[in-house]
Protein chains: 2
Amino acid sequence: METYNRILESAAELFANQGFEAVSMRDIAKASHLKAPSLYNHFRDKNALYQSCLKFVFRQHNAQLQAVFDSQVSYETQLRGVIQVSLKRMADDQNFRLLIQRELLQNDQQRLKFLAQEVMADTCDQLEKILKHLSPEADHHFIITSIMSLVLFHIQIAPMREFLPSGTSQHLDIHYLSDQIFQLIYQTLLPS
Amino acid sequence: METYNRILESAAELFANQGFEAVSMRDIAKASHLKAPSLYNHFRDKNALYQSCLKFVFRQHNAQLQAVFDSQVSYETQLRGVIQVSLKRMADDQNFRLLIQRELLQNDQQRLKFLAQEVMADTCDQLEKILKHLSPEADHHFIITSIMSLVLFHIQIAPMREFLPSGTSQHLDIHYLSDQIFQLIYQTLLPS
DNA sequence: GTCTATAGGCGGATAGAC
DNA sequence: GTCTATCCGCCTATAGAC
């Protein structure tokens with residue numbers, strides 16, 4: 001693999017797990033089998049390297065999701081699919097999840113806007129169409145953000161479940177979790 | 001105020017907003033109107049100061065919640081109250097919320113255990129009792145963690161809502177949000 | 001208890017050889 | 001493009017005066 005991408009992969013892993021400040025250029029260099037000064041042949045400085053990491057990890061994240069939106073199945077099944085695929089993505093690509101959550105914690109307007117547009121906007125728009133069909137009257141923004149919340153948090157909290165009451169092994173199973181999240185959301189959309 | 005508590009308050013603010021690594025002892029000293037070496041008369045090192053911050057901020061967080069659990073109202077009203085009070089606490093005490101979320105990101109077994117026991121366990125146990133009465137058959141662990149998820153996230157993404165589809169000013173109103181979260185959760189508990 | 005001075009190490013970043 | 005050598009500033013933490 002080219003050096004450039006190898007650096008990005010190593011750096012993404014480190015930044016995701018330790019955060020921007022806790023990772024040094026020497027750490028990234030070591031993980032990339034380089035010395036620190038070599039990094040500066042590929043990136044202007046540490047900040048530019050971090051930003052490139054974000055773009056690298058956030059890229060093409062919606063390929064699987066788009067397949068769900070394009071499928072010719074009922075809106076109910078599409079909603080179930082969006083939740084399943086998103087949850088699986090967060091579980092499989094922890095760097096993706098962690099970098100999103102670290103960006104959310106930064107509380108920087110510009111970076112929040114980038115995150116919203118780069119990672120969330122497309123999926124939100126498609127999801128809104130589904131929800132409009134399932135329940136025109138519902139608060140779609142609240143439902144979409146609630147789905148984001150549940151998908152992120154139920155993966156994040158996995159290592160903590162053993163310390164909370166009634167946590168069982170099924171709560172680590174993403175199929176079980178996505179069923180539960182789907183039901184929680186779906187019943188809101190039905191006429192009461 | 002005594003120096004000791006003044007340091008903790010300044011440090012909590014800084015750690016919550018910038019994270020452990022990004023805050024220097026000099027920063028904390030300046031915010032406490034001291035020089036850095038003076039901090040070492042009160043805390044062994046930076047780590048001990050951070051841990052003391054956590055204990056300081058996490059302390060007596062459940063006073064208001066306990067009042068809800070002790071009140072003589074219906075279980076439905078108690079559940080609504082728990083959500084309202086938790087959401088308000090997260091909105092009013094951003095340091096509390098941010099420090100929780102930063103601890104969750106650390107992914108350190110010991111610290112997750114501390115967070116679970118110190119901050120969440122009591123409320124979870126009391127909440128479980130309410131849920132058992134409202135719906136003995138439900139997955140209480142899933143419901144409790146979903147409430148935590150929604151309470152944290154709907155406060156966290158406030159500054160991002162303007163960049164997401166259909167975000168309106170009512171989504172910044174904690175009364176509206178707590179009603180929506182309550183309804184989302186409560187309907188799961190009813191016989192279908 | 002707070003300060004000044006400072007040790008000792010690690011951080012980001014650059015110069016220049018190969 | 002990668003390296004060694006190095007600059008220089010900031011970091012945590014300590015020593016010791018007041």
Side-chain angles (χ1 to χ4, degrees), chain A residues 1-57 59 95 98-99 102-103 105-108 110-111 114, chain B residues 1-57 59 95 98-99 102-103 105-108 110-111 114:
Chain A
M1 187 194 306
E2 326 94 64
T3 306
Y4 182 82
N5 277 21
R6 199 178 65 234
I7 295 171
L8 287 180
E9 288 200 358
S10 308
E13 177 87 14
L14 290 167
F15 283 138
N17 285 292
Q18 303 178 233
F20 179 81
E21 309 281 350
V23 175
S24 72
M25 294 299 271
R26 288 170 172 84
D27 294 334
I28 298 168
K30 181 171 282 185
S32 312
H33 308 292
L34 289 171
K35 304 296 175 185
S38 306
L39 299 174
Y40 291 86
N41 283 309
H42 302 274
F43 306 94
R44 185 181 319 163
D45 55 23
K46 189 184 175 186
N47 246 300
L49 171 47
Y50 181 76
Q51 294 299 329
S52 298
C53 264
L54 288 188
K55 284 179 191 160
F56 176 73
V57 172
R59 172 164 305 172
N95 292 348
L98 287 164
L99 288 172
R102 289 194 185 279
E103 283 302 294
L105 268 182
Q106 280 306 120
N107 220 7
D108 174 300
Q110 263 195 321
R111 287 164 71 170
F114 173 79
Chain B
M1 189 193 308
E2 327 94 65
T3 307
Y4 182 82
N5 276 20
R6 198 179 65 233
I7 296 171
L8 286 180
E9 286 200 0
S10 308
E13 177 86 13
L14 290 166
F15 283 138
N17 285 294
Q18 302 179 234
F20 179 81
E21 310 281 350
V23 175
S24 73
M25 294 298 270
R26 287 174 173 84
D27 294 333
I28 298 168
K30 181 171 282 183
S32 311
H33 308 292
L34 289 171
K35 303 297 175 183
S38 305
L39 299 175
Y40 291 86
N41 284 308
H42 302 274
F43 305 94
R44 185 180 317 164
D45 55 22
K46 190 184 175 186
N47 247 298
L49 171 48
Y50 181 75
Q51 294 300 328
S52 298
C53 264
L54 287 189
K55 285 180 191 161
F56 176 73
V57 173
R59 173 163 303 173
N95 292 349
L98 288 164
L99 288 173
R102 290 194 184 278
E103 284 301 293
L105 268 182
Q106 280 306 120
N107 220 10
D108 174 299
Q110 265 195 320
R111 286 164 69 171
F114 174 78

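Chain A is the first sequence line, chain B the second, and so forth, proteins listed ahead of strands; every chain is numbered from 1.
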Distance check needed: [N] [atom2] versus [X] [atom1], whole Å only.
X       : N      : atom1 : atom2 : answer
A:Phe20 : C:dG11 : CZ    : P     : 13 Å
B:Ile7  : C:dG1  : CD1   : C1'   : 10 Å
B:Gln18 : D:dC11 : CD    : P     : 11 Å
A:Arg44 : C:dG12 : CZ    : C1'   : 15 Å
A:Met25 : D:dG9  : CE    : P     : 20 Å
A:Phe43 : D:dG1  : CZ    : P     : 12 Å
A:Asp45 : C:dT14 : CG    : P     : 8 Å
B:Arg26 : C:dA5  : CZ    : C1'   : 12 Å

Nearest of [options] to any side-chain atom of [X]?
X       : options                : value
A:Ser24 : C:dG11, C:dT4, D:dA13  : C:dG11
A:Tyr40 : D:dC11, C:dT14, D:dT14 : C:dT14
A:Lys46 : C:dT14, C:dC3, C:dA13  : C:dA13

Original post:
Are B:Phe43 and B:Gln51 close enough that some pair of their side-chain heavy atoms sits under 4.5 Å apart?
Top reply: no
Original post:
Looking at A:His33, A:His42, A:Glu2, which one forms a side-chain contact (heavy atoms from CB on, under 4.5 Å) with A:Ile7?
Top reply: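 Result: among A:His33, A:His42, A:Glu2, A:His42 is the only option passing the side-chain contact (heavy atoms from CB on, under 4.5 Å) with A:Ile7.
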Original post:
Given that B:His42 and A:Glu21 both sit by DNA chain C, which one's nearest nucleotide is further toward the 5' end?
Top reply: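 That would be B:His42.
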**OP:** Using the closest heavy atom to pick a nucleotide of DNA chain D for each, name whichever of B:Asn47 or A:Lys35 lands nearer the 5' end.
**Re:**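 Its nucleotide being nearer the 5' end, the pick is A:Lys35.
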Original post:
Which is true for A:Ser38 with a 4.0 Å heavy-atom rule: it touches a base, it touches only sugar-phosphate, or it touches nothing?
Top reply: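 Base, at least one base heavy atom under 4.0 Å.
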Original post:
So how far is it from A:Glu21 CD to A:Tyr50 OH, rounded to the nearest 0.5 Å?
Top reply: 10.0 Å
Original post:
Do any N or O atoms from the side chain of B:Arg102 and from the backbone of B:Asn17 form a donor-acceptor pair under 3.5 angstrom?
Top reply: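 Side chain of B:Arg102 to backbone of B:Asn17, a donor-acceptor pair under 3.5 Å: yes, one is there.
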Original post:
According to the interplanar angle, ranging from 0 to 90°, do the rings of B:Phe20 and B:Phe15 count as parallel (below 30°), tilted (30 to 60°) or perpendicular (above 60°)?
Top reply: parallel
